[in-house]
Enquirer: 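Handing you a structure now.
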Amino acid sequence: MKFSESLKKNSDFQAVYGEKNSLANRSLVMYVRKNGLEKNRLGISVSKKVGNSVVRHRITRLIRESYRLNEHRFLPGYDFVVVARIYSKGKSQREIESSLLHLAGLHKITVNYEKDFD
RNA sequence: AAAGUAAGACGGAUGGUCGCGGCUGCAGAUGCAGACGAGGAAAGUCCGGGCUUCACAGGGCAGGAUGCCGGAUAACGUCCGGUGGAGGCGACUCUAAGGAAAGUGCAACAGAAAACACACCGCCAUGCAGUGCAUGGUAAGGUUGAAAAGGCGGGGUAAGAGCCCACCGCUCAGACGGUAACGCCUGAGGCAGUGUAAACCCCAUCCGAAGCAAGACCAGACAAAAGCGACAGAUUGGCCCGAUCUGCUUUAGGUAGGUCGCUUGAGGUUGCCGGCAACGGCAAUCCUAGAUAGAUGAUCAUCCGAGACAUAACCCGGCUUACAGUCUUACUUUCAGA
RNA sequence: AGGCCCAUAGCCAAACGGUAAGGCAGCGGACUCUGACUCCGUCAUUCUCAAGGUUCGAAUCCUUGUGGGCCUG
């Protein structure tokens with residue numbers, strides 16, 4: 001990912017959660033916080049309740065892939081935490097991608113949202 | 001052909017585009033190219049071992065595990081071969097399978113009696129009285145139960161009883177075969193000590209503790225207050241003795257970055273040799289993930305039977321459990337044909 | 001990585017290897033004009049999370065698994 005890196009420390013996650021700026025749909029929950037940097041940082045959280053290691057790991061990959069393919073649409077300078085809900089189990093890449101973009105649009109952190117998302 | 005038994009293999013395929021991990025080469029902030037990149041269970045964490053650190057001055061008591069015999073192995077609760085037992089027509093499968101005459105406990109209900117046996121209904125004898133009572137003998141028959149102190153047949157007797165005899169079982173002794181478990185044969189005893197040890201236990205064998213967040217090094221941060229105390233505390237792990245060492249506890253504050261360990265190993269493949277086999281020996285050949293919030297994915301096209309279970313985290317040997325389906329080999333039974 | 005515990009009716013739960021207590025809730029009845037309180041009765045039905053085993057007999061003992069919770073670093 002060219003403009004982004006991943007969120008690593010537990011304290012960073014807690015900072016994003018502490019902002020209480022969250023929106024959700026059936027598959028995902030997204031927390032957003034301004035980080036004051038030039039780039040974005042993405043954190044992904046999949047609970048043990050969603051499934052076993054294979055299921056959790058696959059959802060993680062799908063979310064990361066969805067972000068990577070649409071990285072150019074996101075405004076820089078934000079930390080995101082994306083939490084997968086149980087409904088996202090067994091979903092395809094396209095469903096995860098559309099659900100991620102839907103949440104990003106609601107947060108108004110995408111570039112040319114109206115025009116791109118036809 | 002059908003049904004089955006055992007052993008083993010595979011776990012969507014091919015190509016294009018984008019993307020990820022460390023490695024090598026080129027270039028040198030960035031990037032480009034190349035080959036490589038999860039499993040049979042990577043899972044559960046049920047055992048065993050390596051490795052590392054601690055203790056090495058040990059001893060005792062506890063505690064845990066295993067449990068027919070022989071072998072394999074680094075080791076095992078695993079594997080191989082055999083013995084006994086159980087199941088199946090069979091191929092074959094299963095088997096925690098030492099000790100109940102060392103001791104303790106337990107055996108509800110039912111039943112006369114549940115463990116130095118006993119005597120309710122019976123049977124027999126004697127006495128009294130008149131169809132019952134008392135005393136004695138007996139355990140063949142009846143009832144209960146999961147289990148009733150050998151089984152069955154004959155002799156014997158007042159009635160009976162291993163009281164006597166044959167066969168079977170059991171116990172003991174001896175011979176033979178086998179490394180052994182054990183098998184088999186002969187003789188004797190004359191039947192005693194029911195079951196339960198996945199109840200306590202006894203016997204034999206084994207077990208020091210912790211775990212890669214082990215541990216080693218580099219860099220860096222904080223280093224303040226209170227309390228306890230040589231009759232204490234730590235090493236020390238469940239306890240005690242012994243030995244060695246000298247601080248320890250709590251609160252507050254502060255750091256949690258990097259390198260190594262980290263993948264060449266009881267390693268894989270092939271061939272030959274030894275062994276019934278597990279396995280071992282020799283030779284040749286191959287290098288085949290090493291991440292550190294954690295890499296295998298997305299998408300398009302074609303094909304089919306439309307793809308199960310499940311993602312390494314120090315490493316190996318097993319066990320157990322999950323699994324859509326596909327294939328191979330050997331063998332058994334039944335049916336049909338020659 | 002290492003260790004510990006639990007699972008019994010809708011809920012809370014007890015039970016030396018010998019017929020699975022008790023309370024709340026539910027259902028039926030009594031009391032009352034009606035309801036509450038109170039009293040009486042009933043409710044585990046192929047059976048103690050599942051599958052095997054030991055035993056004459058298992059909720060209990062053993063093995064394996066499933067689900068849940070907790071502790072240490």
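Below, read A as the first sequence line, B as the second, and so on, with proteins coming before strands; counting in each chain starts at 1. The structure displayed is predicted, hence computed values, not measured ones.
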Enquirer: In Watson-Crick or G-U wobble terms, both distances under 3.5 Å, what is the partner of C248(B)?
Expert: G227(B)

Enquirer: C273(B) and C309(B): how far apart are their C1' atoms, nearest whole angstrom?
Expert: 43 Å

Enquirer: Between G253(B) and A224(B), how far apart are the two P atoms, rounded to whole Å?
Expert: 15 Å

Enquirer: Counting only Watson-Crick or G-U wobble pairs whose two distances fall under 3.5 Å, which nucleotide matches G4(B)?
Expert: C331(B)

Enquirer: Does the salt bridge (Lys or Arg N to Asp or Glu O under 4.0 Å) test come out yes or no for E97(A) and R94(A), once each step is laid out?
Expert: CA-CA 5 Å; E97(A) 184 175 3; R94(A) 299 191 185 234; over 6 Å; no

Enquirer: Go along nucleotides 295-300 of chain B 5' to 3' and tag each nucleotide: B for a protein heavy atom under 4.0 Å from its base, S when only backbone or sugar atoms are that close, - otherwise.
Expert: SSBSSS

Enquirer: Taking atom C1' of C18(B) as reference, at what distance in whole Å does atom CG of N70(A) sit?
Expert: 13 Å

Enquirer: Is there a side-chain contact between I63(A) and L28(A) in this structure, where contact means two heavy atoms from C-beta onward sitting under 4.5 Å apart?
Expert: yes

Enquirer: Could you give the distance separating G48(B) and G254(B) at their P atoms, to the nearest angstrom?
Expert: 45 Å

Enquirer: Which of parallel (below 30°), tilted (30 to 60°) and perpendicular (above 60°) describes F74(A) and Y67(A)?
Expert: tilted

Enquirer: Return the pairing partner of U264(B) with a 3.5 Å limit on both distances, Watson-Crick or G-U wobble; otherwise return none.
Expert: none

Enquirer: Just how far is it from atom CD1 of I96(A) to atom CZ of R58(A), taken to the nearest 0.5 Å?
Expert: 9.0 Å

Enquirer: Just checking, is any N or O donor in the side chain of S66(A) or Q93(A) under 3.5 Å from an acceptor N or O on the other one?
Expert: yes

Enquirer: Suppose you measure atom C1' in C172(B) against the same atom in U332(B); what distance do you get, rounded to whole Å?
Expert: 45 Å

Enquirer: Just name whichever nucleotide pairs with G81(B), Watson-Crick or G-U, keeping both distances under 3.5 Å, else none.
Expert: C69(B)

Enquirer: Can you tell me how far CD of E65(A) sits from CG of N70(A), rounded to the nearest 0.5 angstrom?
Expert: 9.5 Å

